[in-house]
Engineer: 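Supplied in structure tokens, the structure appears directly below.
All values derive from a computational prediction rather than experimental measurement. What you see below is based on every heavy atom in this structure, not just the backbone, and it leaves out hydrogens, waters and symmetry mates.
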Amino acid sequence: MAKRVTLCSATLGEDGRWEPPLGPLYIASALERCGVEVEFRDYQLCDEASPFTAEPLVEQLAGHSQFLLVSCFVDMLPVVLEASRRLIEMRPDTAVILGGPGPTAGAAQIMERFPWIAGIVRGEGEETIAEWVLGAIESRPSAAIAGMVLRDGDRLLDGGSRPRIASIDQLPAPAYHLVEWDRYTHARVITTRGCPYRCSFCDVAALWDNKAAYRSLEQTIDEMLFLRSQHGRDAIAIVDDTFVLDRSRVEDFCRRMIEIDSGVEWGCFGRINLMTPKLIELMERAGCRAVFYGIDSGAPRILKRTIKSLKAETILPTVRESAQAFDKTEASFIWGYPFEELNDFQRTLELAGECSLLAPSVNVQMHMLSPLPNSPIYREFGRDLLLPEPEDARWLLLPQVLLDSRATQIRDTVQSHPDLFPGFFNLPTPDKVLKRQHLEKAMEALDRTIGNTLLDPAVGTLVEEDRPDLERALLSDAREPEDRIGVGLAVGFLRRVRRRNKQRSYPFEGNRGAAMVRQRNGGLA
């Protein structure tokens, strides 16, 4: 039997940015090192890519090999399951293996309820999938494999956990030769895998067993220079779950980038409690142009309840320092916690309003809580899942599958298995209608400001010209937190319009930023 597999990254691009998906490319390299031919397909490049229907993915995977490996996040998992069913109907000898953050949390339950799936990789996948593929190609008898749940006739074989890969350096470089570089706008690299923090709304820490594994700075910088010199990518996203975990390591990285005058501009995921003025200044000198902060709440009680390890009074000073140093700072907030009182929400709204006064350097995001399947909040409150309401649509973190008429088949799958897809639902939260009304006022301010580009000649200049004076004037007229958020979003939107007209953008820059689904960087992710 030929040593050949089809490997698909079933993720979506965002806001006009397309970056090669690192996790699947690491998987491809691991398989190639074992002598396996990899046919790579990247769903984000499909013109019809959608989270609402399986047809585009089915079409993109036409002609796949017998062994079909599909990586996805939680937002695309229902589509991947339905597409897999249809592909197997057309070619019954297909063995579909899933991996990535999407199926990891509910691997055993997915295997029980969706009998057409041959196996699921949990967590890091390089060693696991190579072991399975070689066994399948050589038609070895079925046996449990660490890091996988496998189907063997009518029974499931759960191999338990596989130890973490101790050193990322031992992995072969991502299989960049498999991608069409002219179809991507940016590149990405990792310097660590994992996060030791235990924020209760997040499922990243559980995915990585609350541990971080580090990559050598030499190898990381060499890869960034390779991406710049060989593929012309001088804007690179560092997609570690938290890049700044080890401050001395980040300082060392920055000094090396400054010393070699790398010419690379980069963005990263930061953390408010780990940043200092000295570190921010050093990062800026080293080429950092964008940073993403998961701030999540402005209320001390909520920060404590979600185990955020963050003091509310440190947030705004750090955001201000970041806005002075970096071209773009994404400030992401979450509302709709089941224990969030109205006054907690108002504290968050006030802080988001203060951050919005720093637009367009700061872009504020306001997301409803998404109860991700492996998060402590879901484990505590998961029995209280609610269907989202139409009025929630603009605040949902995951695609509006339960509200969109295009998603009939996918919606049925999600509604039939809420415990597998809780992120598409909401949780009860006190005074939800009042909270939403406050946010709707922000959207009215956004629409009003954008509309003024057609009615007010001065505001209209922001479509074509950089006018910091006019931006400051618009923001200074916004007195209430809701108005500040709306005007700030409008100012940021108009800057993105100007940059797109000039074909210029930075890593992590976007209307929803990098928070859509955090770009986990290992396994089959």
Side-chain angles (χ1 to χ4, degrees), residues 73-75 195 197-205 241-242 269-273 292-312 315-316 319 329-356 362-382 384-386 388-389 391-400 422-432 434-436 438-440 442-443 481-482 485 489 510-518:
F73 301 126
V74 293
D75 59 329
C195 179
Y197 286 93
R198 299 174 182 266
C199 304
S200 64
F201 50 80
C202 182
D203 64 349
V204 168
D241 293 310
T242 306
F269 292 106
R271 209 172 198 281
I272 294 290
N273 63 304
F292 177 95
Y293 291 128
I295 296 170
D296 306 313
S297 179
R301 190 179 72 86
I302 300 301
L303 293 172
K304 182 178 181 180
R305 179 69 171 78
T306 56
I307 320 178
K308 185 64 184 175
S309 301
L310 177 63
K311 295 181 179 179
I315 295 172
L316 190 56
V319 173
T329 298
E330 296 283 346
S332 176
F333 294 89
I334 296 174
W335 68 280
Y337 299 95
F339 39 77
E340 177 190 60
E341 301 296 337
L342 184 59
N343 65 321
D344 297 318
F345 171 80
Q346 289 171 331
R347 295 283 294 271
T348 296
L349 200 68
E350 290 166 2
L351 179 58
E354 290 295 316
C355 291
S356 294
V362 173
N363 181 63
V364 164
Q365 306 176 23
M366 300 292 296
H367 304 301
M368 286 189 75
L369 175 70
S370 179
L372 298 174
N374 218 11
S375 66
I377 279 184
Y378 172 67
R379 292 198 295 271
E380 183 177 355
F381 296 99
D384 301 325
L385 292 178
L386 296 174
E389 300 171 306
E391 295 81 5
D392 298 327
R394 71 169 83 233
W395 314 111
L396 298 178
L397 181 65
L398 298 190
Q400 303 164 19
F424 293 93
F425 294 81
N426 300 146
L427 291 173
T429 185
D431 298 303
K432 177 182 176 181
L434 287 175
K435 294 173 183 176
R436 203 165 53 204
H438 281 285
L439 291 171
E440 288 301 328
M443 293 301 98
E482 300 91 336
I485 293 170
L489 289 172
N511 185 37
R512 292 178 67 87
M516 181 65 180
V517 176
R518 288 216 175 171

Engineer: Just verifying a value: how many Å separate Ile307 CD1 and Ser200 OG, rounded to the nearest 0.5 Å?
Structural biologist: 5.5 Å
Engineer: With heavy-atom distances below 4.5 Å as the criterion, would you say the side chains of Leu439 and Trp395 are in contact?
Structural biologist: yes
Engineer: Do Glu440 and Arg394 have side chains that get closer than 4.5 Å, going by heavy atoms?
Structural biologist: yes
Engineer: Looking at every heavy atom in both Phe339 and Ile377, which two are closest together, and how far apart are they?
Structural biologist: CZ-CD1, 4.0 Å
Engineer: What pair of heavy atoms forms the shortest contact from Ala352 to Val364, and how long is it?
Structural biologist: O-CG2, 3.6 Å
Engineer: Measuring only between side-chain heavy atoms, which start at C-beta, is Gln346 closer than 4.5 Å to Pro481?
Structural biologist: no
Engineer: Measuring only between side-chain heavy atoms, which start at C-beta, is Lys432 closer than 4.5 Å to Met368?
Structural biologist: yes
Engineer: Could you report the tightest heavy-atom contact between His367 and Ser332, atom names first, then the distance?
Structural biologist: CD2-OG, 3.6 Å
Engineer: Carefully, step by step, assess Leu398 and Phe73 under the rule side-chain contact (heavy atoms from CB on, under 4.5 Å).
Structural biologist: CA-CA 10 Å; Leu398 298 190; Phe73 301 126; over 6 Å; no
Engineer: Would you say the side chain of Pro428 lies within less than 4.5 Å of the side chain of Leu386, judging by non-hydrogen atoms?
Structural biologist: yes
Engineer: For Ser297 versus Leu351, what's the shortest heavy-atom pair and its separation?
Structural biologist: O-CD2, 4.3 Å
Engineer: Rounded to the nearest 0.5 Å, how far apart are CG of Leu372 and OH of Tyr378?
Structural biologist: 11.0 Å
Engineer: Say you draw a straight line from OG1 of Thr429 to CH2 of Trp335; how long is it, rounded to the nearest 0.5 Å?
Structural biologist: 7.0 Å
Engineer: Between Asn363 and Thr329, is a side-chain contact (heavy atoms from CB on, under 4.5 Å) present by the stated rule, with each step listed?
Structural biologist: CA-CA 6 Å; Asn363 181 63; Thr329 298; over 6 Å; no
Engineer: Consider side chain to side chain contact (heavy atoms under 4.5 Å, CB included). Of Thr306, Ile302, Leu397, Leu369, which one does Ile334 pass it with?
Structural biologist: Leu369
Engineer: Let me confirm one number: the OG1-CG distance from Thr242 to Asn273, rounded to the nearest 0.5 Å.
Structural biologist: 9.0 Å
Engineer: Where is the tightest heavy-atom contact between Glu389 and Asn426, given as atom of each residue plus distance?
Structural biologist: N-OD1, 4.4 Å
Engineer: Where do Val362 and Val319 come nearest, in terms of heavy atoms and distance?
Structural biologist: CG2-CG1, 3.9 Å
Engineer: Using the ring of each side chain (for Trp, its six-membered ring), is Phe292 parallel, tilted or perpendicular to Phe269, with breaks at 30° and 60°?
Structural biologist: perpendicular
Engineer: Begin from the C-alpha positions of Leu349 and Lys435 and carry the test side-chain contact (heavy atoms from CB on, under 4.5 Å) through to its verdict.
Structural biologist: CA-CA 9 Å; Leu349 200 68; Lys435 294 173 183 176; over 6 Å; no
Engineer: Is the shortest heavy-atom distance from the side chain of Arg271 to the side chain of Ser309 under 4.5 Å?
Structural biologist: yes
Engineer: Find out whether Arg301 and Glu341 are in side-chain contact, i.e. whether some heavy atom of one side chain is under 4.5 Å from a heavy atom of the other.
Structural biologist: yes
Engineer: Once you round to the nearest 0.5 Å, how far does CD of Glu340 lie from OG1 of Thr348?
Structural biologist: 5.5 Å
Engineer: Looking at CD of Gln365 and SG of Cys355, how far apart are the two atoms once the value is rounded to the nearest 0.5 Å?
Structural biologist: 11.5 Å
Engineer: Does the side chain of Cys199 come within less than 4.5 Å of Asp296's, by heavy atoms?
Structural biologist: no
